[in-house]
Amino acid sequence: MQQDIRLLGRILGAAIRESEGQPIFDIIETVRRAAVRFKREGIQQERDTMIDRLTALSDDQANTLSRAFSYFLHLANLAEDRDQQKRQRRRLLSSNEAQIGTLGHTLAELERHGVQRGQVRDFLAKTMIVPVLTAHPTEVQRKSTLDLHRHISHCLVAIDSRLTEEESHQLALELTGYIKTLWLTRMLRFNKLTVNDEIENAVAYFSTTFLKAIPNLYTTFARNLGEQADNAALVPTFLKMGSWIGGDRDGNPNVNADTLTHAMNRHATTLFDYYLAQVHLLGSELSLSTSLTQVSPELASLSEASPDQSRHRLDEPYRRALIGVYARLAATAKHLTAHDLALRNTIPADPYDDPAEFAADLAVIARSLCDNHAGAVVPLRLQQLQQAVAVFGFHMAALDLRQSSDVHERILTELYQRAAIKHEGQPVQYDQLNEEQKIAVLLAELDDSRPLVSPWQQYSEETRKELAILQAAASVRRHYGCNAITQYIVSHTETLSDLLEVLVLQQETGLISQQRDDAGQRMPVTPGDGLIVVPLFETIPDLEAGPAIMDRWLSLPQVRERVVHAQDNIQEVMLGYSDSNKDGGYLTSNWSLYNAELQLLEVFRRHDVRLRLFHGRGGSVGRGGGSSFDAILAQPPGTVDGQIRLTEQGEVIQSKYKNAESGRINLELLVSATLLSSLAPHEEARKDADTMQRYTQAMAWLSDAAQHAYRRLVYDTPGFVDYFFAATPINEIAGLNIGSRPASRKKGQRIEDLRAIPWGFSWAQCRLMITGWYGVGTAIDTFIRLGTGKDDGSTQQSRTQLLRDMAEHWPFFQTVLSNMEMVLAKTDMDIGRQYSELVADQEIRRTIFGMIEQEFGLTRDALYSIKQQDLLADNPTLKAALQERFAYTDPLNYLQVEVIRRQRALEDAQQEPSKLEQMRSQRTIHLTINGIATGLRNSG
């Protein structure tokens, strides 16, 4: 890795010197050397030299230096990612069974616990694992930059190959050219991303990664599960993809019916490009002749029905059959996307009615090969194509809808008012009803076939927009199949009526069938009818109320019928990590989520319904980030059970899924963790009841203490809001053009209204990251010193030992501490103090930063008392990588503070900077934001 970093650094340095000149290159080198020496040796003079050079920079020089350090961090990350892939490959080559998280290790571990591979295959038939891509704005890189990253990564891979002298020379030219292009490519966007931009960015990952990695993963499963080449049966579909992009309108006014239909069209277009290319290649490869092999009667019929009558292929029935399949597939693509996607001229043919028809033709080909001693041909390409059709259908990724519950209430209030509906003799003023009255009105509406929406009414813009997107969703499902849109997420679910409102709106827009028989009775609910209404419990109070809401929801006969007959007896619940963290702090958020899961599981078991949890995880630890593998294994026992969805957001998508190899590794980790959590004995289940009770009682006390400490800082300390908006680049982040969604739900400066992403992103930029640790130190320190206040006879030593036992034997607590440790290692009080100097009020600055600094010391010491080792001592690879990156990240922090200070000094002096000066300073700040986020990686 160090060799790769030095190589990439030399090439970047040459590009800078050639493009910008020797003087600025010398300044960059002086700052770089000083930063490296200070980080490695702690020499204070080197830090002073670095800061002196940074404060003396002109605006143009600051801009160039920001780009230089940022791009070096880009390249260092590529080298680090490549090193991790090489390490994993070496471990796989040495022992496939030994590498934790791989399929081989997982199946071997399950066999050790008595779960045979046949049982795993049966379990997969009732398993559903869905990574869901979202457009949450934490990816600061442009697509042009990410594309260049892929080219450079490919060059790094080629370096490992045995190359001739000419090949080595050519590779060096390519690497130099790509890095030069990177340096001369604009790092920042001039304009804010549109929803269509976000759709295109997401679709690109399917072309580069998912359409290759997922079928390949299924093939690996087939081989590891003992499937024979002459067996045409496929592995059950257990892994699919989802997306919010184009359908998630919670707080995003730019999402509408047009973005929804456009997203699905782009999904289908990308997918049919892949299908047509694969069928075309199959047709060129399956050159088997009837003079040398036989074919099944079904294959013969498929061949005879082909429009291809070339005499050159009369003895090649597979090719003829595939020409017919290609013609039908091209017709299907044109019918669904309105685009002619065929790579070759085709004879007109009937389109496939659905993916099952396409899959049936491919199955005919596979069975014929297997039945006639050519089963070895199937895994070459056909098997992966078959698995792709089973996974992606004709829609590629299921598109979720999401909206806030308060929007639904406003819409129904207007609908009832315009329709002059009465309930119990009184006009319905919906928003004035209490909760029980709302439930009664909504249940009555669900039993009434009379339309509530009238085409003759002139509704408000908001109501027209919401009705239109639901009607568009119904149209998409008719066009692409019911799997194209399956979920409706209800943000800010606080009551039962919040869920019933969505059922009523679905009924009014054609998503739920209202068919009745001749006697006027409603027809039975059928599979796939309507969208699953998914509550999103986000804040601490919502998480606490969630189980009771779901208990009432599942008790309703109308809901029960839908769950059993339309949803395969599965009900999904989404848990929010971001807002619960902003509401109650890191430890309380994690503990509230854990408790909510256990209580939900109990409710669902009582109703005999399968629970599927949808984890709304972000990139930063404060938003549920960290290792997905560890997080799934740390879930409470019984809460996974083969059913899990989780969001993949922002920079995490690029980190995990930048190419097919990386995507395959991360998807395999996801699947392996799900199987282990579902089928292997859970660590908690092995503990006796008394031990777990001691663990949970201690955790409940720690959570309460941590929440009080956190809320005392964020919500109860006078001046905290002023400190936050002055000491972090929150306002500058809002102008970074990294997403189509506004940074705040409402205008003004209230922490409650600020979205969780810019909240956490801002604390990461100033290197304090309180969302990942604040309050934990006070809680642990108080617990060890004073106990819970009850006279239980415990001592400081016994309480410390209890926490050590929890960290060693309880996966939940172990993961909480591990993620917090990584955040503490990235936190830097000296840099945070520099940002605090941006706060004009000395008393506020001294109070707020003093509280943060004191809590950091308590948290670091508390972690040491439990783990009895320095930060990341048990992960030297990560520790070394962070130290290497910080030498390039820290100067960007110091420079960011300096440029913000300059800009504010002009404003305080009431000097109106020229438009050019303002643009330069803003651009430099945005460049430093980009570089710092790159250096910290999971900061969004």
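Using a distance-only test at 3.5 Å, with no hydrogens or angles considered, a donor-acceptor pair links the side chain of Ser627 to the main chain of Asp630. Thr889 places no side-chain N or O within 3.5 Å of a backbone atom of Ile932 that could act as its donor or acceptor partner. No donor-acceptor distance shorter than 3.5 angstrom exists from the side chain of Lys879 to the backbone of Ala825, with no hydrogens or angles considered. Panel note: side chain Lys826, backbone Met769; no donor-acceptor pair is recorded below 3.5 Å.
Counting heavy atoms from C-beta on, the side chains of Thr64 and Ile27 never come closer than 4.5 Å. Between Met187 and Ser70 there is a side-chain heavy-atom pair separated by less than 4.5 Å.
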Enumerate, atom names and distances included, each donor-acceptor pair closer than 3.5 Å involving a side-chain atom of residues 846-857, sequence neighbours excluded.
residue	atom	partner	partner atom	Å
Arg846	NH2	Glu843	OE1	2.9
Thr847	OG1	Glu843	O	2.8
Thr847	OG1	Glu843	OE2	3.4
Glu853	OE2	Arg833	NH2	2.3
Glu855	OE1	Thr778	OG1	2.4
Glu855	OE2	Gly775	N	3.2
Glu855	OE2	Gly777	N	3.1
Glu855	OE2	Thr778	N	2.8
Glu855	OE2	Thr778	OG1	3.3

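Ring-plane geometry between Phe69 and Tyr888 is classed as tilted, the angle between the planes lying from 30 to 60 degrees on a 0 to 90 degree scale. Ring geometry for Tyr594 against Phe812 counts as tilted: the plane angle lies between 30° and 60°, on a 0 to 90° scale.
Other residues, nucleotides and ligands contribute only 12 or fewer heavy atoms inside 6.0 Å of the NE2 atom of His708. Within 6.0 Å of the CD atom in Gln44, the count of heavy atoms belonging to other residues, nucleotides or ligands exceeds 12. Applying the 6.0 Å contact sphere to CD of Gln2 captures more than 12 heavy atoms from other residues, nucleotides or ligands.
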Test log, rule salt bridge (charged side-chain N to carboxylate O under 4.0 Å, His left out), inputs Glu808 and Lys867: CA-CA 9 Å; Glu808 184 176 357; Lys867 298 195 68 174; over 6 Å; no
Step-by-step side-chain contact (heavy atoms from CB on, under 4.5 Å) determination, Ser580 to Thr539: CA-CA 4 Å; Ser580 60; Thr539 64; 5.9 Å; no
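Rounded to the nearest 0.5 angstrom, Phe537 CZ and Glu597 CD are separated by 12.5 Å. Separating the CD atom in Glu884 from the NZ atom in Lys39 is a distance of 12.0 Å, to the nearest 0.5 Å.
Trp759 pairs in a side-chain contact (heavy atoms from CB on, under 4.5 Å) with only one of the listed residues (Thr728, Asp579, Val714, Ile733), which is Val714. The residue from Thr859, Val776, Val823 that alone fulfils the side-chain contact (heavy atoms from CB on, under 4.5 Å) condition with Tyr586 is Val776.
Figure legend: Arg53 and Tyr894 shown without cation-pi pairing, the cationic atom not lying both under 6.0 angstrom from the six-membered ring centre and within 45 degrees of its axis.
In this structure, a donor-acceptor pair under 3.5 Å is present between the side chains of Asn893 and Tyr835.
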